[in-house]
Amino acid sequence: MTFEELGLREEVLKSLKELGFEAPTPIQEQAIPHLLKDKDCDFVGLAQTGTGKTAAFGLPLLSNINLKSSIPQGLIICPTRELCLQITKDLEIFSKYLNCNVVSVYGGADIKRQITKIKKGVSIIVATPGRLLDLINRKVVKLSEVKTVVLDEADEMLNMGFKEDIDSILESAPDSKSTWLFSATMPKEVARIAKTYMTNPLEVSIGHKNQSNENIEHIYSIVKDRDRYEAVKRLIDYHPNIYGLIFCRTKRETATVAENLGREGYNAEPLHGDLTQPMRDRVMARFRSKEIQVLVATDVAARGIDVDDITHVINYNLPDDTENYTHRSGRTARAGKKGQSIVLITPKETYKIKAIEKQMGQTFAQGKIPNAEEICEIQLMKLIQNTKDIQVKEKDIEKFMPQILSSFESMDKIEIIKKFVSAEFNRFIEYYQRAGDVNQRAKESSRDGQRRDKGARARDEGKTRFFLSAGKRDGLNPGALLRVVCDAADIKSTSIGRIDIMASFSFFDADEDLTNRILKSVDGTSFEGTKLSIEVTNNEKGGGSGRSGGGSRRSGGRGGFRSSRGGSKRDRSAKRGGSERRSRPDRPRRHRGR
Ligand code: AMP
């Protein structure tokens, strides 16, 4: 099928020709004719980023626009500023020959400038939910002529806590509007939006529901907890041309991993919520231009990252739910390319892979972390190739040649090659000879663990059990608990053990020696507008019988526990402190750049 056959307006077809889009992608082929023909219809498109979904909604939206009006006819709502700018850029390219205005509005930027732009006249607004709602409430964005509301990456928006904002926007827009929802996965909350706000939507699914891209190879490797960082380095060393994303669970872990990699000469930078927006923009621009080879990111900061050519996603540890994993892995293998998503798990976490496999309907292969010999071979070949590719500066070296040749007079060709290769390579071999076998260590730890588990009680030794005054009803899940606690106390997520999230409170284990630090720093911090209180508890089972947990319980909060509302929504301002340093002065120096 061609774009002409889909029925798009002339001006749009002209820009597509210029762009070099030859044929519609599957989601475009299925969505566009429907969205053009039946302008009032609702639509649900289940598709990953990278499938061409921006054009799938953007092209019909532009084709349906009435150019005479200067009041918004289309609202596109998406989770992040990054995605907002990307969609706006795409629409501007698609609408090059149309006289229509596309304006992007997002939080964290000067609202006055955005207001001025909107007041000049606009056909389509691309927005993050909070800022759009603000502008609607200020009566800057007029909704009377809105014909289409597009929810892009709906699952991400709900993950980020935009549920109420989205509800308010959809309720404020005219009843006659059509709603087009795009989502990579279909969790309950997305289904609820479809059910509440849509009438008989056409549902198009590219791939299966909740399933990730077929071009992604999912691999898990079992390592000891303390070998995660070593494993990441080996993976990068084994894939010298990697253009990758490493996902960590907390800001602190992200900063530490990136900092350690950077110090050891890897071309890696962090991306997390403690960086200012301009800093994040700079990091993203450098990653996009491949000046940065490896980006270490939190799930939240990496949302909306829309970069082609990512070869590897490395999961430093598993995310807290399968949807997050789908989003992480979906950052690779875009636009028909292949990619690998590698998950590092401890021996005890193998069951979690089985659960993800079941939910995604996808098989994971077990991979080994490359051993010293394999890495050295790859690095050696890379060194040889780099040497072969080097441009000799004939003029500059000419004058030194007699001296150089006379120094090597007594050696034959083979000997000279060996010496030159060794000059660069010895440090590498020496490092890896000392580094040991990560896979073997994991096996031994698994055997030890099994032995220990037989006699041990369910909870780890050396841990303190805590009671936290927020639970499922507050939107807390294990991942969020980890983020809140680790960021506030500035500790590693590996210090946290078992987590039990109950309806309105939670329990978790953490290293005993961190007890005071956790109590001091987590007490009073805010999660989604809920002020948290934390106490040490003796509860062993995680409060399965309701309110049996909690050391010294206080009255006043929900369920008898302290829990006071306050602070702004999504206020998860966490302190960030210095990060742990592990230096390896003898580590071979890396070459920056790819
Ligand atoms: P998206 O899923 O919208 O982020 O698109 C992923 C990438 O595919 C972007 O770089 C688009 O420009 C590109 N793309 C979208 N549709 C087509 C098409 N029909 N032909 C070629 N490239 C496309």
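Both counts, for ligands and for their atoms, begin at 1 and track the order of listing. In what follows, every heavy atom counts, from backbone to side chain, and hydrogens, waters and symmetry copies are set aside.
Distances from ligand 1 to the non-hydrogen atoms of A56 include no value under 4.0 Å.
Atoms of ligand 1 found under 4.0 Å from any heavy atom of A23 (numbered from 1 in listed order, with element): 18 (C), 19 (N), 20 (N). Remark: ligand 1 atoms within the under-4.0 Å shell around heavy atoms of T25 are 16 (N), 17 (C), 18 (C), 19 (N). Within ligand 1, the atoms closer than 4.0 Å to a non-hydrogen atom of D308 are 10 (O), numbered from 1 in the order shown. In summary, the atoms of ligand 1 found under 4.0 Å from a heavy atom of T54, numbered by their order in the structure, are 1 (P), 3 (O), 4 (O).
The ring-ring contact (aromatic ring centres under 6.0 Å, His included) search around F94 returns none, not counting sequence neighbours.
Checked against the 6.0 Å centroid threshold, F364 and Y325 count as a close aromatic pair. The ring of Y229 has its center no closer than 6.0 angstrom to the ring center of Y316.
Of the heavy atoms in Q28, only side-chain atoms (C-beta onward) come closer than 4.0 Å to ligand 1. Residue-level proximity to ligand 1 for F94 is absent, since no heavy atom of it falls below 4.0 angstrom.
Considering backbone and side-chain atoms together, E22 places no N or O closer than 3.5 Å to any N or O of ligand 1. Checked against a 3.5 angstrom limit, the closest N/O atoms of T51 and ligand 1 fall inside it.
Around CD of E171, the count of heavy atoms belonging to other residues, nucleotides or ligands within 6.0 Å exceeds 12.
Checking F3, F21, F182 against atom 21 (C) of ligand 1, the nearest heavy atom belongs to F21.
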Ring pair (Phe, Tyr, Trp, His ring centres under 6.0 Å) between F43 and F182: does it pass, once the steps are laid out? CA-CA 8 Å; F43 180 85; F182 287 80; 5.5 Å; yes

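Of the possible donor and acceptor atoms, one in the side chain of S329 sits under 3.5 Å from a partner among the backbone N and O of T326.
Contacts classified as salt bridge (Lys or Arg N to Asp or Glu O under 4.0 Å) and involving residues 11-26 (residues at least two apart or in different chains) are given here: E4-K17, R9-E11, E18-K96.
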